[in-house]
Amino acid sequence: MDDRTRWDARYREGAYSQRPWPSEFLQKNIQALANKNGQRPSRALDLACGAGRNSVFLADNGFATQGVDISAAAIARGAAYATQVGVKVGWVCQSLLAQSDAKLEPVAPVAQKTLLRAQDSIRDPISNFGQYQLIILFRFVAPGLLTTLMDHLIPEGHLMVEEHLQHDLDEEIVGPRSPAFRVAPGALLSEVAASTQPYDVVEDFAGAVIEPSGDKAAVSRLWVRRLPG
Ligand SMILES: C[S@@+](CC[C@H](N)C(=O)[O-])C[C@H]1O[C@@H](n2cnc3c(N)ncnc32)[C@H](O)[C@@H]1O
């Protein structure tokens, strides 16, 4: 079963309907990120946005927000939620994994320019998206993507990431059992450091947190700012 079919089925069965609150990491820092003094709305991108809890929160805080997810069922839920809250979000249904985009590579001989464009989109699944003041990626592991995302930040733009952390803590930790869906300590920063863009680290955390539900999770959080130049 491919990713889209599996996630569509999960959302249709009600996945995450008990988790409507925005990410605590995002909520805690929204004042430092949000638009100030009625300036033009800043652009925000929520990758693997799921049912839109964070996309809607960003839109409600003045960001011109786009949410991207592979699951059309998740996006339908997000769109209904945005309508309910009374905000606008641009939704895009596509994969963020380079392998899933491999079919974009032409098999027949084609003009060199077309081939290069296809290869670019394989390396960067959002190559046609432009730049943002804020990009968030929460709880979806896409190896190598963070390096690419640094090119999609405007200077002074922010990248915030939160992933489940590989751990040898106790059994009570919630989240995926497979280490493939968790990141090793330091892995997020290593991906950012592979970018050619200058940056500084605003926050880098790895450890146990208590979720708003009361569950205990092990997470890796990284917040970096792209520097000018
Ligand atoms: C654990 S959920 C996290 C959702 C959201 N970021 C949040 O924090 O509520 C993981 C999300 O990744 C999406 N996803 C899975 N595979 C994907 C892919 N290849 N490309 C884009 N999104 C994908 C799923 O549909 C799901 O919404």
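When a ligand or atom number is given, it counts from 1 through the structure's own listing order. Each residue takes its place number in the sequence, starting with 1.
- Geometrically, ligand 1 and F140 share no nitrogen or oxygen pair separated by less than 3.5 Å.
- Other residues sharing the hydrophobic cluster of Y16, ordered by chain and number and joined by side-chain separations under 4.5 Å: W7, Y11.
- For S95, heavy-atom contacts with ligand 1 shorter than 4.0 Å involve the backbone as well as the side chain.
- Put simply, L137 and W91 are part of two different groups of oily side chains (I, L, V, M, F, W, Y) that touch within less than 4.5 Å, one to the next.
- Within the structure, ligand 1 has Q94 among the residues with a heavy atom less than 4.0 angstrom away.
- In terms of polar-atom proximity, A74 is not counted as a contact of ligand 1, lacking any N or O under 3.5 Å from an N or O of the ligand.
- Using a 4.0 Å cut-off to heavy atoms of C49, the atoms of ligand 1 that qualify are 5 (C).
- Heavy atoms of S23 found under 4.0 angstrom from ligand 1: none, in either backbone or side chain.
- Close N/O approach between L47 and ligand 1 is not found [any backbone or side-chain N/O within under 3.5 Å].
- Those atoms of ligand 1 that come under 4.0 Å of a heavy atom in R139, given as number and element, are 1 (C), 2 (S), 3 (C), 10 (C).
- Across every non-hydrogen atom of R53 and P22, the tightest pair is NH1-C, 3.9 Å.
- Interface of L96 with ligand 1, defined as ligand atoms under 4.0 Å from a residue heavy atom, comprises 18 (C), 19 (N), 20 (N), 21 (C).
- Numbered from 1 in the order shown, with element, the atoms of ligand 1 that lie under 4.0 Å from a heavy atom of Y11 read 25 (O), 26 (C), 27 (O).
- The proximity of I70 to ligand 1, defined as any non-hydrogen pair under 4.0 Å, involves the side chain as well as the backbone.
- With a heavy-atom cut-off of 4.0 Å, R53 touches ligand 1 through its side chain alone.
- Grouped by direct or indirect side-chain proximity (heavy atoms under 4.5 Å, Ile/Leu/Val/Met/Phe/Trp/Tyr only), F205 sits with V209, V219.
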